[in-house]
Every structure is written in structure tokens, then in C-alpha cells.
Amino acid sequence: MDLFREGAIRRPQDVLIGQAPGADGHSDFTLDRKVLEENLAAVTRRENVTEQGGLELMKETDLLANNREFPNFSVEMETGTGKTYVYISTALRLAELYGLRKFVILVHSVAIRAGVVKTFEQTEEHFRAKYPSVEFNWGVLGENSGLSDFSQPSSTVQFLVAGVQALDKPETNTLYASAEQPKLWGVGETGAEEIAEARPVVIIDEPQNMATDLRRQAIATLNPLVALRYSATHKEPFNLIHRLGPKQAADAGLVVMFRHVVPTRFGESC
């Protein structure tokens with residue numbers, strides 16, 4: 001099981017090989033797109049996916065009227081194979097290797113949001129042992145100090161778990177309201193601007209549920225440095241860099257495949 005998960009964890013890392021860590025950590029990190037394209041070609045050449053040599057950028061005008069474009073890399077994982085574990089571990093690996101510190105985990109439902117938080121709680125000790133040099137915290141957008149902790153400059157890795165519903169209604173979402181007091185560390189006036197200024201790595205859980213024009217704009221409003229997309233059923237795969245399909249998952253013992261039993265008129269099955 002760990003071998004198959006490790007494959008999914010390594011592919012985003014492999015795509016970023018050769019990127020120079022920013023002098024000021026995450027805030028100064030830039031992506032060399034030529035290097036990304038070279039890495040993409042090398043990764044997809046050896047993976048069970050279509051070979052690709054060009055970046056498929058998401059280009060959108062966000063909900064604050066800013067033009068955004070950013071790379072998107074997709075990981076296809078069969079349901080039940082530990083997708084949440086994989087993308088948390090991937091983020092911590094990228095933090096360890098490249099000094100990245102800001103990660104937004106974007107989900108489409110309250111139930112999935114609760115599941116992500118539960119995974120953090122259940123795996124905290126494991127991940128602190130696996131990545132001993134990486135301090136990390138997590139919070140939920142709209143709860144307690146989640147946004148405030150995320151926005152502050154820090155050497156600690158900050159995860160912000162966010163429901164897309166908190167982003168896709170700028171007329172009513174409090175994220176777009178101006179703060180009553182300016183922040184001491186000089187970030188944007190609204191919560192949306194604070195997140196955008198952080199240029200987070202955005203991890204999208206089940207992106208096929210965020211494919212409407214409005215939700216694409218909501219994703220762009222986060223101003224991602226890069227988006228990592230995880231699903232068993234990608235509607236828009238962009239640059240697919242890893243696939244763990246049903247048969248591979250079953251062969252690895254990650255999920256159980258059931259034979260469909262169809263009764264005949266004589267009580268037999270086929």
C-alpha cells in the first residue's frame with residue numbers, strides 16, 4: 001500500500017524538480033515554466049498516462065476582477081485509496097524540499113471538509129514523525145483563527161481547509177468584506193485578498209465538482225502558485241501526471257472489487 005501511495009506523492013515532487021527555493025521562502029518562490037514543461041515530459045513518459053510536454057494553464061478572471069493563470073497538475077486515484085492522506089503528505093514533502101509554506105485544501109462539501117480535518121487529527125503524530133523538520137498547523141476557513149493564522153508570515157507550514165461555497169458568492173461571503181482593522185503584517189484588506197497575497201499551493205479535492213464558470217473563478221481568486229487536483233473521475237484533467245485506477249488499486253489490495261451477480265430465471269448467477 002505504501003509503495004502505491006508513494007508513487008502518487010512523488011509525482012508532484014518530480015514535476016517541481018529543479019525549481020529554486022525562494023530567498024524569502026514561500027513568498028519569494030517562483031516557478032520556471034520551461035523547467036516545469038521539461039519535468040512534465042519526463043514524468044508522463046514513464047507514467048501510465050498520455051505523454052505531455054506542454055502546460056495546460058487555467059486562465060480566468062477571478063472574482064476580484066484580476067486576470068490569473070496558473071499550472072494545474074492532476075492525480076487520478078480510485079475512491080478509497082487514501083487520497084486525503086496522499087495530498088497532505090505531498091504538501092509536507094514539498095514543504096520539506098522547496099520551503100513552500102502555504103497550502104489551501106479546497107473541498108466542495110461540509111462532509112468532505114470534516115473528513116479532511118479528521119484525517120489531520122488522526123495522522124498528526126504519523127506526519128510529525130515522517131517529516132520531523134517540518135512544523136505544520138491546520139485551520140478551517142470561517143472557524144476560529146483559521147484565516148488569521150494562515151495569513152501571518154511564518155516558517156510553519158499552514159494548511160487552510162476551505163469549502164468552495166465560502167468563495168463563490170462575493171456579494172454575500174464574508175471573505176470579501178473589508179477588515180475592520182488593518183493587519184499589522186501588511187496583507188490585503190479582505191480575507192480573499194489575504195489568501196491571494198499568500199500565493200498558496202491549492203489542493204483541489206474532487207475538482208469535477210468545481211468545474212462551473214463561477215467556481216473556476218473562485219479557484220482563480222485564491223491566486224494559486226500551482227493547483228494540484230485529486231479525483232477518481234476528472235472532468236478536466238489538465239496535465240495528468242499519475243493514475244491509480246480501479247484494477248491497479250485492487251491488485252495492490254487498496255480496494256476490494258466485487259463481482260456483479262445477476263440472477264437468472266433458474267436461480268443461477270453469471
Side-chain angles (χ1 to χ4, degrees), residues 3-22 26 28-62 66-78 81 83 86-87 89-100 102-106 199-213 215-217 219-249 252:
L3 179 63
F4 282 86
R5 283 179 173 173
E6 185 63 22
I9 293 166
R10 285 189 61 87
R11 294 300 83 84
Q13 166 194 329
D14 292 345
V15 169
L16 293 180
I17 285 175
Q19 303 290 344
H26 188 114
D28 195 41
F29 192 92
T30 57
L31 291 174
D32 184 323
R33 291 186 177 173
K34 184 175 186 300
V35 173
L36 280 180
E37 290 181 340
E38 292 171 352
N39 291 342
L40 176 66
V43 167
T44 56
R45 193 176 299 125
R46 64 176 184 263
E47 281 285 313
N48 181 32
V49 298
T50 302
E51 185 175 339
Q52 304 149 59
L55 297 176
E56 296 182 34
L57 304 176
M58 179 182 279
K59 300 180 181 181
E60 291 287 342
T61 300
D62 72 15
N66 299 300
N67 293 323
R68 305 289 193 193
E69 65 173 44
F70 49 92
N72 289 249
F73 298 107
S74 298
V75 174
E76 181 181 310
M77 294 184 68
E78 180 66 8
T81 55
K83 169 167 53 70
V86 163
Y87 61 62
S89 190
T90 296
L92 294 172
R93 179 78 60 81
L94 296 179
E96 181 180 58
L97 293 175
Y98 301 111
L100 297 173
K102 305 292 185 180
F103 297 87
V104 172
I105 299 175
L106 193 62
R199 297 168 60 246
V201 175
V202 177
I203 296 168
I204 308 176
D205 191 317
E206 304 292 349
Q208 70 273 15
N209 294 297
M210 305 183 207
T212 65
D213 290 343
R215 289 191 168 180
R216 286 169 62 97
Q217 288 180 283
I219 294 169
T221 302
L222 297 171
N223 189 23
L225 175 67
V226 61
L228 303 177
R229 309 164 74 90
Y230 292 81
S231 179
T233 53
H234 286 284
K235 183 180 291 185
E236 300 174 284
F238 287 88
N239 290 120
L240 182 64
I241 57 174
H242 183 75
R243 173 181 287 128
L244 179 60
K247 187 177 186 305
Q248 294 168 298

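Source: prediction; values computed, not measured.
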Legend entry - Test salt bridge (Lys or Arg N to Asp or Glu O under 4.0 Å) applied to Arg11 - qualifying residues, sequence neighbours left out: Asp14, Glu47
Is any side-chain heavy atom of [Y] closer than 4.5 Å to one of [X]?
{"X": "Arg243", "Y": "His234", "value": "no"}
{"X": "Leu40", "Y": "Ile241", "value": "yes"}
{"X": "Tyr230", "Y": "Thr90", "value": "yes"}
{"X": "Leu228", "Y": "Tyr87", "value": "no"}

Distance in Å, [X] [atom1] paired with [Y] [atom2], rounded so as to fall on 0.5 Å steps:
{"X": "Ile203", "Y": "Phe103", "atom1": "CD1", "atom2": "CZ", "value": "6.5 Å"}
{"X": "Gln217", "Y": "Asp213", "atom1": "CD", "atom2": "CG", "value": "7.0 Å"}
{"X": "Lys235", "Y": "Ser74", "atom1": "NZ", "atom2": "OG", "value": "13.5 Å"}
{"X": "Thr221", "Y": "Asn66", "atom1": "OG1", "atom2": "CG", "value": "8.0 Å"}
{"X": "Ile204", "Y": "Met210", "atom1": "CD1", "atom2": "CE", "value": "6.5 Å"}
{"X": "Ile219", "Y": "Arg216", "atom1": "CD1", "atom2": "CZ", "value": "7.5 Å"}

What pairs with [X] under side chain to side chain contact (heavy atoms under 4.5 Å, CB included), at least two apart in sequence or on another chain?
{"X": "Glu56", "result": "Phe238, Asn239"}
{"X": "Leu57", "result": "Arg33, Leu55, Lys59, Glu69, Pro71"}
{"X": "Ala220", "result": "Glu60, Asp62, Arg68, Phe70"}

Inset, instruction - Using side-chain hydrogen bond (donor to acceptor under 3.5 Å, both in side chains) as the criterion, list what pairs up with Thr61, not counting sequence neighbours. - result: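 Listed in chain order: Asn67.
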Inset, instruction - Kindly say whether Leu94 contributes a backbone atom to a donor-acceptor pair with the side chain of Gln13 at under 3.5 angstrom? - result: no
Legend entry - Side-chain donor or acceptor of His26 paired with backbone N/O of Arg199 under 3.5 Å: yes
Inset, instruction - For the residue pair Thr44 and Gln52, confirm or rule out a side-chain donor-acceptor distance under 3.5 Å. - result: no
Legend entry - Pair listing, salt bridge (charged side-chain N to carboxylate O under 4.0 Å, His left out) test, anchored in residues 203-212, at least two apart: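 Only Lys83-Asp205, Lys83-Glu206 qualify under salt bridge (charged side-chain N to carboxylate O under 4.0 Å, His left out).
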Inset, instruction - Quickly, which of Asn39, Leu36, Leu97 forms a side chain to side chain contact (heavy atoms under 4.5 Å, CB included) with Ile17? Name it, please. - result: Asn39
